[in-house]
Novice: 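Can you read through this structure? Questions will come right after.
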Number of protein chains: 2
Amino acid sequence: MDIRTRLLATAEQLFDRHGFNATGMDRLTEGAGISSRTLYKHVGNKNGLIAAVLNERDRRFHRLVEEDSIDALFGALETWLAQEAVRGCLFLRAWGETGGDVPEIAEAMERHKQRLRDRIGNIVVAEIGRHDDELVETIQLLFEGATHTAAYRGVAAVDVARRAAQRLANAVRAS
Amino acid sequence: MDIRTRLLATAEQLFDRHGFNATGMDRLTEGAGISSRTLYKHVGNKNGLIAAVLNERDRRFHRLVEEDSIDALFGALETWLAQEAVRGCLFLRAWGETGGDVPEIAEAMERHKQRLRDRIGNIVVAEIGRHDDELVETIQLLFEGATHTAAYRGVAAVDVARRAAQRLANAVRAS
DNA sequence: GCGAAGGTAAAATGATCGTTTTACGCTGCA
DNA sequence: TGCAGCGTAAAACGATCATTTTACCTTCGC
């Protein structure tokens, strides 16, 4: 495995498990099996590492949503949560831990949420045949809710969100 | 104002603004206008302070929800977000930053979510005249979603959640 | 075969962290 | 009058943090 890939993968795991500030560079280099010199050569500094982790995570998530449907969206979240014990949205967590003061991190968060929103926009069009802003907003909200509720109530939260989204979409479709 | 009250209030603000780990004890004592010796006399240590802040916050929130209705619930969240620039649920953030490894903090989070759930249970009974578990789960999910979506999209997210909750409650009521 | 690129190991840097300690001031009550 | 309780100010504590530096090793293309 590529060094950068290995670094980002282990960093993502450690950040999710212990938090960003609480994860020291020693634990990161040891986990990735590289020297600190190499780490800094690759990502500049800790904030650069965090931003890189987030951007990679965003890419991986969208690769997981194969088709534009409500089922696929929440299905992706479900497999997401099944294989990694996520403690809330990692983007918001990074943003919150850094007080929103680190541009690269704030931008990664912003970009991720915008991409998610765009994706849901496509899903709504695919599901009901036209654009509906309120439905987009609601589904994004349900997605966000599922992500965070799952942190303390388990994956079942995703099913609740999916069913609610489906019901609301049906209502709009019928109107 | 009482020392403990002042300490918890400023700590809550600083924690929310900068994160828990990033807020040093110096900034806390300076912000509260007390010596570090007094701080430790009052809350034991930093984790004790965090737990105290969370428990006080929980109490304050429930005091804000005056009646058992969907409107009151999301109305409380709205005024909540208007007067304090919340960056996601402070309970989940504390829990995440400490990796879930600090019992007092994990318990404060757990307790808060349970109390919220119980409250929503009462609201559902008041709204539709009977118990409905799925609706309770969905409204909690919408609440969680609103809390976190508002972090990057503003208070308007609360309106979206309230309308969705109302629509879903109406559907259940009509069935 | 040589030099550049990219890696390791380990120590040093200076700052900052949470926490404890020392020494002292004020206030109210017996 | 004196002492206990509660507060401040400030230094010291040892640990840990992110980052840089020094010295050395391997590999590969020319």
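Letters A, B, ... mirror the listed sequences (proteins, then strands); counts begin at 1.
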Novice: Choosing from dA9(C), dG18(C), dT19(D), which nucleotide comes nearest the side chain of Lys46(A)?
Specialist: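 Of the candidates, dT19(D) comes closest.
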Novice: Rounding to an integer number of Å, can you tell me how far Tyr40(B) OH sits from dC13(D) P?
Specialist: 17 Å
Novice: NA contact type, Gly33(B), heavy-atom cut-off 4.0 Å: base, sugar-phosphate, or nothing?
Specialist: sugar-phosphate
Novice: To the nearest angstrom, how far is Leu7(A) atom CG from dG7(C) atom P?
Specialist: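 Rounding to the nearest Å, CG of Leu7(A) and P of dG7(C) are 11 Å apart.
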Novice: Can you find a donor-acceptor pair, distance only, under 3.5 Å between Arg37(A) side chain and dT19(D) base?
Specialist: no
Novice: Starting from C1' on dA18(D), measure out to CZ on Arg27(A) and report it in whole angstrom.
Specialist: 15 Å
Novice: Please pick, from dT8(D), dG18(C), dT19(D), the nucleotide with the shortest atom-to-atom distance to any side-chain atom of Met25(B).
Specialist: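 Selected nucleotide: dG18(C).
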Novice: For Glu84(A), I'd like to know if atom CD has over 12 heavy atoms of other residues, nucleotides or ligands within 6.0 Å.
Specialist: yes
Novice: Has Glu56(A) got more than 12 heavy atoms of other residues, nucleotides or ligands less than 6.0 Å from its CD?
Specialist: yes
Novice: Starting from P on dC17(D), measure out to CG on Leu49(A) and report it in whole angstrom.
Specialist: 15 Å
Novice: Base, sugar-phosphate, or nothing for Thr29(A), non-hydrogen atoms under 4.0 angstrom?
Specialist: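 The residue Thr29(A) makes no contact with any strand.
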Novice: What is the separation between atom CD1 on Ile34(B) and atom P on dC6(D), rounded to the nearest whole Å?
Specialist: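 In whole Å, dC6(D) P and Ile34(B) CD1 are 15 Å from each other.
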Novice: Quick one: is His42(B) getting a side-chain N or O under 4.0 Å of the dG7(D) phosphate, OP1 or OP2?
Specialist: yes
Novice: With hydrogens left out and only the distance checked, is there a donor-acceptor pair under 3.5 Å joining Ser36(B)'s side chain and the base of dT19(C)?
Specialist: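 Such a pair does not exist between side chain and base.
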Novice: Assign Asp26(A) to base, sugar-phosphate, or nothing according to its heavy-atom contacts below 4.0 angstrom with the strands shown.
Specialist: nothing
Novice: Mind calculating the distance between CG (Asn21(B)) and C1' (dG18(C)) to the nearest angstrom?
Specialist: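 Result: 11 Å.
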Novice: Taking only the side-chain heavy atoms of Thr38(B) (C-beta and beyond), determine which of dG7(D), dC17(C), dA9(C) contains the nearest atom.
Specialist: dG7(D)
Novice: Taking atom CD of Gln13(B) as the centre, report whether more than 12 heavy atoms of other residues, nucleotides or ligands fall under 6.0 Å from it.
Specialist: no
Novice: Any heavy-atom pair between the side chains of Arg57(A) and His112(A) that's under 4.5 Å?
Specialist: no
Novice: Indicate yes or no: at least one non-hydrogen side-chain atom of Arg111(A) is less than 4.5 angstrom from one of Asn55(A).
Specialist: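 A side-chain contact under 4.5 Å exists here.
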